[in-house]
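Sequential numbering from 1 along the given sequence is applied to the chain's residues.
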Amino acid sequence: MKRINEAPKAPRWISTEAGQWAWIEYGEWRDTAANALLVNERQELLAKAEQLREAFESTRTAA
């Protein structure tokens, strides 16, 4: 059974662990990614996902 706040299945181009994580955790990132058509735009989004994940991990370890 799907929970109410559960994200829909990620598009196939989101293949990195950070991208999958961002898809689930960040609604704004997910909305942008869902509409990304250009390859360079998708690459930028995956890079941003890496940055978001690193920032999240650093705040977790600092706490």
Side-chain angles (χ1 to χ4, degrees):
M1 178 178 234
K2 201 173 196 180
R3 294 183 310 223
I4 293 172
N5 292 331
E6 190 173 311
K9 185 177 178 185
R12 285 184 285 156
W13 65 266
I14 302 175
S15 58
T16 65
E17 186 176 323
Q20 294 288 328
W21 175 83
W23 179 264
I24 293 168
E25 296 295 325
Y26 287 93
E28 185 177 335
W29 188 94
R30 182 173 50 246
D31 292 342
T32 304
N35 295 314
L37 299 176
L38 302 174
V39 172
N40 66 333
E41 185 179 15
R42 291 175 176 184
Q43 290 172 337
E44 290 173 9
L45 281 163
L46 291 175
K48 178 68 174 175
E50 291 289 342
Q51 293 171 352
L52 289 168
R53 180 76 185 251
E54 288 174 12
F56 175 78
E57 292 295 329
S58 67
T59 59
R60 265 182 68 197
T61 57

Could you name each residue pair satisfying ring pair (Phe, Tyr, Trp, His ring centres under 6.0 Å) that touches residues 22-45, not counting sequence neighbours?
->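 Passing the test, one end in residues 22-45: W21-Y26.
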Set of side chain to side chain donor-acceptor pair (under 3.5 Å) partners for E57, sequence neighbours left out |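 Expected list: R53.
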Sort and list the pairs that fulfil salt bridge (Lys or Arg N to Asp or Glu O under 4.0 Å) and have at least one residue in residues 31-50, not counting sequence neighbours.
->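 Salt bridge (Lys or Arg N to Asp or Glu O under 4.0 Å) check on residues 31-50 returns no pairs.
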Looking only at heavy atoms, what is the nearest atom pair of A33 and I14, with distance?
->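 So the two residues come closest at CB-CD1, 4.1 Å.
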Rounded distance (nearest 0.5 Å) linking atom CD of E25 with atom CD of Q20 |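 That separation rounds to 12.0 Å.
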